[in-house]
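Chain A is the first sequence line, chain B the second, and so forth, proteins listed ahead of strands; every chain is numbered from 1.
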2 protein chains.
Amino acid sequence: MSGDDGRPGLRERKKQETRIALSWAAIRLVVERGLENVRVEDIAAEAGVAPRTFNNYFSSKGEAIAARHLERTRMIAQELRRRPASEPLWEAITSAVITQLAMGADYDDRRPDQQWQAGIRLMISEPSLQGEMLRASAIAENELAAAIAERTGTDVDHDLYPRLVAGAAGAAIRVAMDQWLRASPPVPVRPLIEDALGRLAAGLPEPRSS
Amino acid sequence: MSGDDGRPGLRERKKQETRIALSWAAIRLVVERGLENVRVEDIAAEAGVAPRTFNNYFSSKGEAIAARHLERTRMIAQELRRRPASEPLWEAITSAVITQLAMGADYDDRRPDQQWQAGIRLMISEPSLQGEMLRASAIAENELAAAIAERTGTDVDHDLYPRLVAGAAGAAIRVAMDQWLRASPPVPVRPLIEDALGRLAAGLPEPRSS
DNA sequence: TCAGGAAATTGCGCGTTCCGCAAATTTGCC
DNA sequence: GGCAAATTTGCGGAACGCGCAATTTCCTGA
């Protein structure tokens, strides 16, 4: 085939597939049995590869579990770049977040996202996974900061602004997620995210009364 | 089990001492040789305890290294509670943060801030330590959120406000720290932190010109 | 179409980590 | 001084993480 170029490459695609398979397998098994009761061997078997291959993709169980979260949050920055430049910054950020995180999390397609919710819950409850998740979020925030810098014409290296916005947005998302998972009668996630990011955009006004 | 007064407890004090000794030993050795060239055995020897004892205090090298950071950031919440209630929230938070950073020389141990700075730089550069540091920050932010809720009369469980403020403040601190460590002619931290938190308090206005 | 070769998978082996368990030691308290 | 609880320590084993080299897969160019 001619066309050398930015094509994903057939081989590369297969790698991504096994990568995703390993990640989902890890989440599924650990949600079922608990982190300590799942060996790397089990995850590899579930994904149909040799145990050694697992460590060709991830250096630990935690990294495999957080990989889905990483990919998903990374897309927020990507989505932000697609938004029209005319849109106000916070609106664009909110839309990007909603598009990537909240879509299908509540209604209709429950199957795939129920796993995702279980994954988030898992990463929050297991102490040894919290760091892994936060690190993934930090990576995503760096990319988000770059996108914000581009959009606002600021310098991501010398100006605090884009990183502040990205970091604050990331924190707001985590707070909204946490609240979402803790709601004892389940509530939709979207309003929570809009609320959290909206308050940031409004300058975090102190609530009059609770 | 007689009077369990607020006494530190003679025994408890010794435990804290070895805990701190282990943590500093871990930081010092890893800064010198790199994470992969330091075994748990080395850290234990440096602190004067048996290898097995290390894992009675910490479950990993990373946790030991992040412990100093955790203790320090925890004190921000503690410091916030000491601030007069009349002081505006963001002023109080900024003062609390500044106080704890300036306190490094007196509180911990002999080596003042140079070790601490090296520790932070270490945790940022080593991928496997980033998560550990972020997790420590998250714990500190939870305590900060509780203190903020108390001060503002909000509910930390049902109102997003205190957690949003704590999370945003934590993000701002990390951005300021990052900038501090990257400054190629070294700059003082304090103005960076005041700048970052000040912008948050001002509602993150978009800068007019870079 | 097919051979050459790069890329990925796999098996093996080793050093390290982390933790449960129980004996030994230390520490606090009466 | 001596008992009881807490802490330290050594031992042992399961699991991990990764380097290395052989093997398999499959892309590519002639």
Side-chain angles (χ1 to χ4, degrees), chain A residues 1-23 25-26 29-30 33-67 126-132 135, chain B residues 1-23 25-26 29-30 33-67 126-132 135:
Chain A
M1 241 32 3
S2 46
D4 52 352
D5 66 86
R7 261 284 132 85
L10 296 176
R11 203 171 208 168
E12 212 63 26
R13 167 159 310 183
K14 181 139 196 189
K15 276 188 73 174
Q16 283 307 314
E17 281 173 13
T18 54
R19 186 181 180 82
I20 291 173
L22 280 168
S23 184
L29 290 177
V30 173
R33 309 183 203 167
L35 186 62
E36 301 311 314
N37 302 322
V38 175
R39 289 165 308 201
V40 169
E41 180 188 348
D42 302 327
I43 300 171
E46 184 83 3
V49 297
R52 180 63 180 86
T53 303
F54 176 87
N55 285 98
N56 287 354
Y57 286 89
F58 303 106
S59 62
S60 70
K61 277 185 287 184
E63 190 178 322
I65 291 172
E126 280 281 351
S128 68
L129 296 179
Q130 292 169 6
E132 216 73 47
R135 181 167 163 267
Chain B
M1 39 190 79
S2 53
D4 55 2
D5 40 49
R7 280 274 180 65
L10 296 173
R11 202 171 209 164
E12 212 62 26
R13 165 163 310 183
K14 181 139 198 189
K15 276 188 71 173
Q16 283 308 316
E17 281 173 13
T18 54
R19 186 181 180 81
I20 292 174
L22 280 168
S23 185
L29 290 178
V30 173
R33 309 184 203 166
L35 186 63
E36 301 310 314
N37 301 322
V38 175
R39 287 164 309 193
V40 169
E41 181 188 349
D42 303 327
I43 300 170
E46 184 84 1
V49 296
R52 180 62 179 85
T53 303
F54 176 87
N55 286 96
N56 288 354
Y57 286 89
F58 304 106
S59 62
S60 70
K61 277 185 286 185
E63 191 178 322
I65 292 172
E126 280 281 351
S128 69
L129 295 179
Q130 292 169 5
E132 214 73 47
R135 182 165 163 267

B/Asn37 CG to C/dT16 C1', in whole Å, measures 13 Å

Ordered by number, residues from residues 38-52 of chain A within less than 4.0 Å of DNA chain C (heavy atoms) are A/Val49, A/Ala50, A/Arg52

To the nearest angstrom, the CD-C1' distance between A/Glu132 and D/dG17 comes to 14 Å

Between CZ of A/Arg13 and P of D/dC27 the distance, given in whole Å, is 12 Å

Do the non-hydrogen side-chain atoms of B/Tyr57 and B/Lys15 ever get within less than 4.5 Å of each other?
yes

So, with a heavy-atom separation below 4.0 Å from DNA chain D, the residues of residues 58-67 of chain B are none

State whether A/Lys15 places a side-chain N or O below 4.0 Å from either non-bridging phosphate oxygen (OP1 or OP2) of C/dA8. yes

Result for side chain to side chain contact (heavy atoms under 4.5 Å, CB included) between B/Ile65 and one of B/Val38, B/Ile43, B/Leu35 points to B/Leu35

In whole angstroms, the gap separating C1' of C/dA8 from CD of A/Gln16 amounts to 14 Å

Side-chain heavy atoms of B/Lys61 within contact of B/Ser128, under 4.5 Å
no

Heavy atoms of B/Ala67 and B/Phe58 approach each other most closely as CB-CE2, 3.6 Å

Atom CG of B/Asn56 and atom P of D/dG10 are separated, to the nearest Å, by 12 Å

Heavy-atom closest pair (A/Pro51 atom, A/Ala44 atom, distance to 0.1 Å) is CA-CB, 3.6 Å

Check: With no hydrogens and no angle check, is any side-chain donor or acceptor of A/Asp42 less than 3.5 Å from a backbone partner on A/Arg39?
Finding: yes

Practice task
Would you please confirm or rule out a distance under 4.0 Å between OP1 or OP2 of D/dT8 and any side-chain N or O of B/Thr53?
Solution key: no

To the nearest 10 degrees, the angle between the two end axes of the helix from C/dT1-D/dA30 to C/dC30-D/dG1 (five pairs per end) comes to 30°

On a heavy-atom basis, the closest approach of B/Ser60 and B/Glu132 is OG-OE1, 4.3 Å

note: A/Phe54, atom CZ; D/dC16, atom P; distance rounded to Å ~ 9 Å

Any B/Tyr57 side-chain nitrogen or oxygen under 4.0 Å from OP1 or OP2 of D/dT7: no

In this structure, CD of A/Glu36 is separated from CD of A/Glu126 (nearest 0.5 Å) by 6.5 Å

Atom CD of B/Glu12 and atom P of D/dA5 are separated, to the nearest Å, by 17 Å

So NZ of A/Lys14 and OG1 of A/Thr18: to nearest 0.5 Å the spacing works out to 8.0 Å

Heavy-atom nearest pair, A/Leu129 first then A/Gly62, reads CD2-CA, 3.5 Å

From CG of A/Leu35 across to C1' of C/dC18 the rounded distance in Å is 13 Å

Taking every heavy atom of B/Ala25 against every heavy atom of B/Glu46, the minimum-distance pair comes out as CB-CG, 3.6 Å

Scanning both residues in full, the closest heavy-atom pair of A/Ser23 with A/Ala64 reads OG-O, 2.7 Å

Review point. For C/dA8, does OP1 or OP2 lie under 4.0 Å from any side-chain N or O of A/Lys14?
Key: no

